[in-house]
Each structure stands twice: as structure tokens, then as C-alpha cells.
**Q** 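Let me begin by handing over the structure; questions about it come next.
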Number of protein chains: 2
Amino acid sequence: MDLSIGELSRRTSVKVPTIRYYEQVGLLSPPARTEGRQRRYGEAEAARLNFIRHARELGFELEAIRELLELSGSPDRSCAEADAIARRQMEAVERRIGQLTALRGELERMITECGHGHVCECRVIQVLADHGQCAHAQH
Amino acid sequence: MDLSIGELSRRTSVKVPTIRYYEQVGLLSPPARTEGRQRRYGEAEAARLNFIRHARELGFELEAIRELLELSGSPDRSCAEADAIARRQMEAVERRIGQLTALRGELERMITECGHGHVCECRVIQVLADHGQCAHAQH
DNA sequence: CTTGAACCTCTAGTCGCTAGAGGATGTAGG
DNA sequence: CCTACATCCTCTAGCGACTAGAGGTTCAAG
């Protein structure tokens, strides 16, 4: 308890300017200050910041994290909302994986088909120049 | 040939402001203009823009596209560089897929374990609050 | 009491666009 | 030729989630 911003940063693996940024956008409330106006944090703030960091690692946007934090502060409410937020996030992640998997296929094909000769016959360049040479047209 | 920016936009599915943006950052060179200073494009520019769009769809950054465009303009050079750029891109895509797949697992577990009761025992909230409850510690 | 690491605020930059203001131009119909 | 109006022009600012840096202050150890 009574951590400086640097200590909090080390404890949570969130960088110092990021902590200040979270305060600025209202994800963290303004902490206590020393006489000289330096920030001092307690356990509750460290826990909240860990929550945020963890949610960020799972790809939640700050707005979603804001909602999740609000929900976590009202334990009597149904968790249907938290569920819905998490579910939305999972769907977004799945869509993104699908997209990237298609891209990987395209890139792979492009690279393996390249004869490693000169640019004038380079498969990579050719495919980029002409979408018609792609296996899948949907991107 | 002799397309207005709007026609070029329709032909390439690249939005008008994006075309102007590409010109601004030097991916497209300043086109011919009418008396009244409106842009007019030819086939070569449409092809170049298609190249860019396609590379963007494959997730290449504008800087990488700049290199690829330069390579495509010097057909006698070895395509080792184009290869390397594409390979780097594929590795980045693969890393991202790996990350997202781990996240999906975590999210899935979080959601299925939630009893859909109240927030105070919500699995989603609990897991976010305490990273120790994650299956994989590496994120 | 001095040193120097860590802190403070503030502004600006990153990437790849996107939106909007406020005005000029091009083209089709009358 | 004139009018309407879609499209074009430039310019500035905004998005998300930080990151970097300037220029100055405070804290804690020795």
C-alpha cells in the first residue's frame, strides 16, 4: 500500500504514462497525492489496474472495460451483461482469426509459388498487382 | 482512362479521401489536373492503387507497401527482398493468429464457466480480476 | 545538504484513415 | 446560356490507445 506510480507500474506491468492516461480518460479515479503533488496508490487501485490490464490483454476495448468495471462494482446485478460483453468480444476475436487465417493462406501461396528469381516474374508482386490471381475472392 | 477521383474510387473500391491520403503520404504521385485543379487519373494509376489496396487487404503496412511498390518498379532486381517482406508479414500474421487463438480459449472458458447468476460470482469478472485463474499464464 | 532517480504537466506524434467545414468546379437538362 | 446540384477542392481535427519528449519539481538515500 501507498505505492508511487513507478511502484504501481512495476507491480502491474502497466507503464507509467499508461497509468496516467487511464486516469485522464477516467478508467482510474484521481489518486491521493503527497504534499508535492505526487500520486500515491493503494491496494484497491492496484487491483483495479490489474483488472484493466488483464482485460486489455484479452483484447477488450477501453469502453468495454469501463462497462465491465462498472458491473464488477455492482455485485447484485445479473451477470448477463458481463456475459454479453465477453461474448461479443469472443465473436470479434473469432472473426479476426478467420480473416487472418485466410490472409495467411494467401501469403503462403504467394511465397511458395515465387521462384526466387527476378522481380519481373516475382509471384509476390504479380499477385499483389492482380487480385484475380487470388484463391479466394472475398477479401 | 481520364478518371475523376470518384470514378477511380468506384473502380478500385478505395474511398476518395483515402486516395487523397495516399497521395499526401507519397504512395501515389500527384496526378494530372484539369483547368479547375480537379484530379484526373489514367490506367497506370488505377493499377498502382489496386496494388496498394490488395496489399492493404493482406495486412501489409503502408511502409511495406512503399517498398513493394519500389521493387515492382525495378523488375531486374532479385525478388529476395519482396520475398523477405512477404515472409515477415506472414510471420506477423501467424504470431497474431497464435495470440488470438489463446485469447479465444481464455474467453470461451470464462464464458462457459459463468453460471449466469449474479455479478458477485460471475466467472467473467472473477477471471479478469485475477490473472492467476487463467489457464495460460503467458499473456 | 547534495545528488540523481523518479516524479510532475503539457504538447505533439504514431497509424491509417474518417469526418466535416466552407467553398469551387464540372456536367446535364432546360 | 443558365441553373441546379453532384462532385470536387483544401484544410483542420478526430479516432483508439498509447508513446515520446521538453522543461521543471520532488523525494529519498547517503
Side-chain angles (χ1 to χ4, degrees), chain A residues 2-28 30-41 45 48-49 51-69 85 88-89 92-93 96 99 103 139, chain B residues 1-28 30-41 45 48-49 51-69 88-89 92-93 96 99 103 139:
Chain A
D2 235 39
L3 304 158
S4 75
I5 197 169
E7 286 160 344
L8 181 65
S9 169
R10 257 165 270 133
R11 280 240 269 171
T12 56
S13 310
V14 176
K15 291 182 191 158
V16 168
T18 305
I19 296 173
R20 286 198 276 249
Y21 171 73
Y22 287 162
E23 181 184 331
Q24 190 190 309
V25 298
L27 276 184
L28 296 174
R33 301 272 187 149
T34 63
E35 296 254 307
R37 301 206 39 75
Q38 296 201 356
R39 291 168 179 83
R40 288 297 178 267
Y41 296 93
E45 278 135 318
R48 190 175 173 97
L49 187 50
F51 186 108
I52 296 172
R53 193 210 43 175
H54 199 185
R56 280 299 294 144
E57 285 168 351
L58 289 169
F60 289 91
E61 293 178 3
L62 293 191
E63 269 320 299
I65 295 174
R66 205 185 294 277
E67 290 180 66
L68 287 167
L69 278 167
I85 294 170
R88 247 186 285 134
Q89 175 61 15
V93 168
R96 192 81 188 107
Q99 281 174 9
L103 293 193
H139 65 256
Chain B
M1 49 236 58
D2 236 40
L3 306 157
S4 74
I5 197 168
E7 286 160 346
L8 181 66
S9 168
R10 258 165 269 133
R11 280 242 268 171
T12 57
S13 311
V14 176
K15 291 183 190 156
V16 168
T18 304
I19 297 173
R20 286 197 278 249
Y21 170 74
Y22 287 162
E23 182 185 331
Q24 191 191 310
V25 299
L27 277 184
L28 297 174
R33 300 272 188 150
T34 63
E35 297 253 306
R37 303 205 38 75
Q38 296 201 357
R39 292 168 178 83
R40 287 298 177 266
Y41 297 93
E45 277 135 319
R48 190 176 173 95
L49 188 51
F51 187 107
I52 296 171
R53 194 211 41 173
H54 198 185
R56 280 298 295 145
E57 286 169 350
L58 289 168
F60 288 91
E61 293 179 3
L62 293 191
E63 269 321 299
I65 295 174
R66 202 186 297 276
E67 291 179 65
L68 287 167
L69 279 167
R88 247 187 284 134
Q89 175 61 16
V93 168
R96 192 84 188 105
Q99 280 173 10
L103 293 194
H139 66 254

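In what follows, chains carry the letters A, B, and so on, assigned in the order in which the sequence lines appear, proteins first and then strands, with residues in each chain numbered from 1. In what follows, every heavy atom counts, from backbone to side chain, and hydrogens, waters and symmetry copies are set aside.
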**Q** At less than 4.0 Å, is any side-chain N or O atom of A:K15 found next to OP1 or OP2 of D:dT19? Yes or no.
**A**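 For A:K15, the contact criterion (side-chain N or O under 4.0 Å from OP1 or OP2 of D:dT19) is met.
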**Q** Would you mind telling me which residue lines up with the more 5' stretch of DNA chain C, B:F60 or B:T34, judged by nearest nucleotide?
**A**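 Nearest nucleotide further toward 5': that of B:F60.
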**Q** If every non-hydrogen atom of B:R66 is compared with every non-hydrogen atom of B:V25, which pair is closest and at what distance?
**A**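 So the minimum-distance heavy-atom pair works out to NH1-O, 3.0 Å.
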**Q** Whole-Å distance between C:dC7 P and A:E35 CD?
**A**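 Atom-to-atom, A:E35 to C:dC7, this comes out as 18 Å.
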**Q** In whole angstrom, what separates A:I19's CD1 from D:dA17's C1'?
**A**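 Whole-Å distance recorded here is 15 Å.
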**Q** Per the side-chain contact (heavy atoms from CB on, under 4.5 Å) rule, which among B:L62, B:V16, B:L28 passes with B:Y21?
**A**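 Of the listed options, the one satisfying the test is B:L62.
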**Q** Please figure out whether B:R33 or B:R10 has its closest DNA chain D nucleotide nearer the 5' end.
**A**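 Looking at the nearest nucleotide for each, B:R10 comes out on the 5' side.
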**Q** Round to a whole Å and report the spacing from CD of B:E57 to C1' of C:dC17.
**A**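 It is 15 Å, rounded to the nearest whole Å.
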**Q** By nearest atom, which of the nucleotides D:dT26, D:dA28, C:dT27 is closest to the A:Q38 side chain?
**A**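 The nucleotide sitting nearest to the side chain is D:dT26.
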**Q** Between A:T18 and D:dC18, is there a contact of a side-chain N or O with OP1 or OP2 at under 4.0 Å?
**A**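 For D:dC18, neither OP1 nor OP2 has a side-chain N or O of A:T18 closer than 4.0 Å.
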**Q** Report which part of the nucleic acid A:E61 touches: base, sugar-phosphate, or nothing (heavy-atom distance under 4.0 Å, all strands).
**A**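 Touches sugar-phosphate only.
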**Q** Of the listed nucleotides (D:dC9, C:dT18, D:dA17), which one gets closest to any side-chain atom of A:L62?
**A**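 For A:L62, the side-chain atoms sit closest to D:dA17.
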**Q** Measure the distance from CZ on B:R40 to P on D:dC9 and round it to the nearest whole Å.
**A**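 One finds 8 Å between P of D:dC9 and CZ of B:R40, rounded.
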**Q** Measure from CG on B:L3 to P on C:dG26 and round the result to the nearest Å.
**A**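 That distance rounds to 16 Å.
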**Q** Side chains of B:Y41 and B:D2: does their closest heavy-atom pair fall under 4.5 Å?
**A**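 They are not in side-chain contact.
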**Q** Using OP1 and OP2 only, check whether a side-chain N or O of A:S4 sits under 4.0 Å from C:dC7.
**A**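 Indeed, a polar side-chain atom of A:S4 lies that close.
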**Q** Whole angstroms only, please: what is the CG-P distance between B:L27 and C:dC15?
**A**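 Value for this atom pair: 12 Å.
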**Q** Can you work out whether B:I5 or B:Q24 has the more 5'-proximal nearest nucleotide on DNA chain D?
**A**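 Closer to the 5' end of DNA chain D: B:I5.
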**Q** Just wondering, do B:R39 and B:S4 contact through their side chains at under 4.5 Å, heavy atoms?
**A**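 Side-chain contact under 4.5 Å: no.
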**Q** From the set C:dT9, D:dC9, D:dC27, return the single nucleotide nearest to any side-chain atom of A:R20.
**A**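 Between C:dT9, D:dC9, D:dC27, the one nearest the side chain of A:R20 would be C:dT9.
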**Q** Looking at A:Y22, I'd like to know whether one of its side-chain N or O atoms comes within less than 4.0 Å of OP1 or OP2 on D:dC18.
**A**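 Yes, because at least one side-chain N or O of A:Y22 sits under 4.0 Å from OP1 or OP2 of D:dC18.
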**Q** Quick check for you: among D:dT19, C:dC17, C:dC8, whose closest atom lies nearest to any side-chain atom of A:R39?
**A**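 Given the options D:dT19, C:dC17, C:dC8, the side chain of A:R39 is closest to C:dC8.
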**Q** Hey, is the main chain of B:V14 close enough, under 3.5 Å, to the side chain of B:T18 for a donor-acceptor pair?
**A**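 Judged by distance alone, no pair lies under 3.5 Å.
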**Q** Could you give the CZ-to-P distance, from B:R37 to D:dC9, as a whole number of Å?
**A**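 So the CZ-P distance, B:R37 to D:dC9, works out to 9 Å.
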**Q** In whole angstrom, what separates B:D2's CG from C:dG26's P?
**A**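 In whole Å, C:dG26 P and B:D2 CG are 12 Å from each other.
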